[in-house]
Protein chains: 2
Amino acid sequence: MVTLAEVARHAGVSASTVSYVLSGKRPISGPTRERVRASIERLGYQPHAGARALASSRSRIIALMVPLRTDMYVPVMLEIAVAVATTARAHGYDVLLLTGEEGPPALRRVTGSGLAEAVILMDVQLDDGRLPVLRGSAPPAVLVGLPADPAGLNCVDLDFAAAGALCVDHLAGLGHREIAVVGGSPGVYARHTGFAERTLCGLRERAGHLGVGLLHRPCDGSHDAVAGVLARILDERPGVSAFVVQNETAVEPLLALLRRTGRAVPEDVSVVAVCPEAVAAQASVPLTSVAIPAQELGRRAVERLFARLTDPGGPDATGVELLAPVLTVRESSGPPPARPVTGRRAGTPSPPGA
Amino acid sequence: MVTLAEVARHAGVSASTVSYVLSGKRPISGPTRERVRASIERLGYQPHAGARALASSRSRIIALMVPLRTDMYVPVMLEIAVAVATTARAHGYDVLLLTGEEGPPALRRVTGSGLAEAVILMDVQLDDGRLPVLRGSAPPAVLVGLPADPAGLNCVDLDFAAAGALCVDHLAGLGHREIAVVGGSPGVYARHTGFAERTLCGLRERAGHLGVGLLHRPCDGSHDAVAGVLARILDERPGVSAFVVQNETAVEPLLALLRRTGRAVPEDVSVVAVCPEAVAAQASVPLTSVAIPAQELGRRAVERLFARLTDPGGPDATGVELLAPVLTVRESSGPPPARPVTGRRAGTPSPPGA
DNA sequence: GGACCACGTCGAAGCGCTTCGATTTCCTCG
DNA sequence: CGAGGAAATCGAAGCGCTTCGACGTGGTCC
């Protein structure tokens, strides 16, 4: 391994000079700088990360805690993670991957040992167990998500409440009076995952305002689960003419089931999703949807983190940033039918023979 | 920040004694050990990662390079990544997240700077640009995937060729004589991604042996793309009675389309998938499938890496490990119909009005 | 023309840890 | 009963880097 000292010797200067060429923290004359650069290149020198971290007490690493669970939003999670890594690299930082499983101790470990300078947390729950470690500003942190009490925390998220409201606005504007919400898996609600609850609040609040009926059902992503939930919804509220879906994996099953039971989208029922653009655009009926801007979330999280690392008093150094939701109208939403569709209309394939 | 020296002072011993208590590399008497442990606890001491890495020249970090692309197998990738992180932690290591985007320089950077001791690569292509950096054993590395020439490399993967053969065996055993393969997106093949090509080889080879017709078509995951591919397949080879799908996102669209065109699964056509268990089990028709053991792959990759770090001459320290594929029969495969189904049989919903 | 000030460079002192003798103490054995 | 050795501990020398004060050197100012 090539060391700073060897580069210095090769270039005929002192070690500190090489260091200053690298960091630019003191002026070095043009010729010297070039000579040093040449030696670095020539010897293939790479500064030792550990030594650097020790001497400067900055590791140039941030930790990213991703949920271990796989019951929700997997592609979104990966997309955020990749965006975080990419953005961090652009700032000269690397990213350490932590699984949610390890919980608060992992945060203490990586920050307490100086391994990571700061952390980004995903999949934040309303009353997250990791929050106490972060309150105040023990280790600098940014949450992707919004807990119940964000005081003293730095958070970025999509404004899911506004997203919910937007969906209701859109559908109510088209004339729908009864809306059903197909939510994430029950576990998501049981854990009080922020985004799910907030969407629901937004939906309910706006529906209440507009006098629109709203029925919410959590739902697993399996075809059978969707079938069950759909049947129950149609049974309880035959007047439902629109669905809001907040569950990527339930989208296709729902569309398939509606089709199979003779309900045309959007002529008979409208469907609006809260999901990534890619999912909405690729669905069997291109979906009117509120996008989940995964990449943007990852990017902003890192940027807020660096804003805070550089200037702890700056505007982005604390507080909550909610990205405004955008609803894109595609082909899955339209006015409700003149007369509600109450039952099946077209044939289905004959049941499997034995 | 609490240092080793402070712990030593607090416990009334020398710094080296504390270090030996921590590492266990020299015997320390019971009482002393306890006293030191108490001081560590009391002061909340955490060893400084950088200092440790510098002194021992071991960072206790491995790098994981995940593909940036999102055109394929996203949930599988995340699952592997999480398994890698979890397994590495069990060995006392942390995981650095690298995106494929940075390519070979990133590998040089993290290993050359001593940041990571070793690397794990995902999404390996047959002639991967990152391989030259790894040949021989410059930095210890394990690939999840299999390049064209694995000489001198350490690889783990599902035996996709065997998986392909297994699918053909199963279908041919049921009596099918014409099989269509719905593959990954065209980009996957254009990049010569190992697993896709290997599956295809396995399929072709076995089909050739058994005298079964095989038609392969790459396919994007969007509903429209699947519709196009399906139409072309049925047009070219009306005799096709079975499909092998190696594309998670194409599974539901395919099932929906078959249903819509009046082809019952498995009565009229059989479908076999190469995909994660969860996808197969949750599909609208539970799929006969060859599982992609994402977790197992991540786990084995890390274990091989540590085998190599501990004993460079050991059995797992080099070479290729291919996991045997397992085909699980579910409800989507059965004997072909007595007479081939050549066209649509049942009605579809009327086309959308303007 | 001597005092002063950048500018560019060097030397040395750590950063917090590991690790290798060296040292001390206490047994054990012939 | 003294030599030899094992067990337990200490001290010091780095690991490779950053950073601070010091030190020439040349130009500028009155």
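Each chain gets a letter, A, B and so on, in the order the sequences are listed, and its residues count up from 1. Computed from heavy atoms alone, side chains included, the values below leave out hydrogens, waters and symmetry copies. These numbers were taken from a predicted model, which means no experiment stands behind them.
- Considering Val156(A), Val320(A), Asp157(A), Leu131(A) as possible partners of Leu143(A), the one that fulfils the side-chain contact (heavy atoms from CB on, under 4.5 Å) test is Leu131(A).
- The shortest distance between side-chain heavy atoms of Pro139(B) and Leu107(B) does not fall below 4.5 Å.
- Counting heavy atoms from C-beta outward, Arg35(B) and Thr32(B) have side chains that approach closer than 4.5 Å.
- OP1 or OP2 of dC10(C) sits under 4.0 Å from a side-chain N or O of Thr17(A).
- Between the Thr99(A) side chain and the Thr86(B) main chain, no donor and acceptor come within less than 3.5 Å of each other.
- Nearest-nucleotide positions on DNA chain C for Tyr20(B) and Ala55(A) put Ala55(A) closer to the 5' end.
- Arg89(A) places no side-chain N or O within 3.5 Å of a backbone atom of Leu98(B) that could act as its donor or acceptor partner.
- The backbone N or O of Tyr20(B) lies less than 3.5 Å from no partner atom in the side chain of Arg26(B), so there is not a single donor-acceptor pair.
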- Message: Between Val66(B) and Met77(B), is the side chain to side chain contact (heavy atoms under 4.5 Å, CB included) condition met? List the steps.
- Response: CA-CA 7 Å; Val66(B) 306; Met77(B) 294 297 171; 5.8 Å; no

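- Among the protein residues, Thr3(A) comes within range of the sugar-phosphate backbone only, with heavy atoms under 4.0 Å from sugar or phosphate atoms but none that close to a base.
- Ring pair His91(A)/Phe306(A) is parallel by interplanar angle, where below 30° counts as parallel and above 60° as perpendicular.
- Contacts between residues 25-37 of chain A and DNA chain C, defined by a heavy-atom separation under 4.0 Å, are made by Arg26(A), Pro27(A), Ile28(A), Ser29(A), Thr32(A).
- Computed from C1' positions of five pairs at each end, the angle between the two local axes of the helix from dG1(C)-dC30(D) to dG30(C)-dC1(D) equals 40°, rounded to 10 degrees.
- With a 4.5 Å cut-off on side-chain heavy atoms, Glu117(A) and Pro140(A) do not count as touching.
- Within the nucleic acid shown, Ser16(B) comes within 4.0 Å of at least one base atom, counting heavy atoms only.
- Arg300(B) places no side-chain N or O within 3.5 Å of a backbone atom of Leu322(B) that could act as its donor or acceptor partner.
- Between chain A and DNA chain D, the heavy-atom contact criterion of under 4.0 Å yields a 5' to 3' nucleotide range of dG16(D) to dA22(D).
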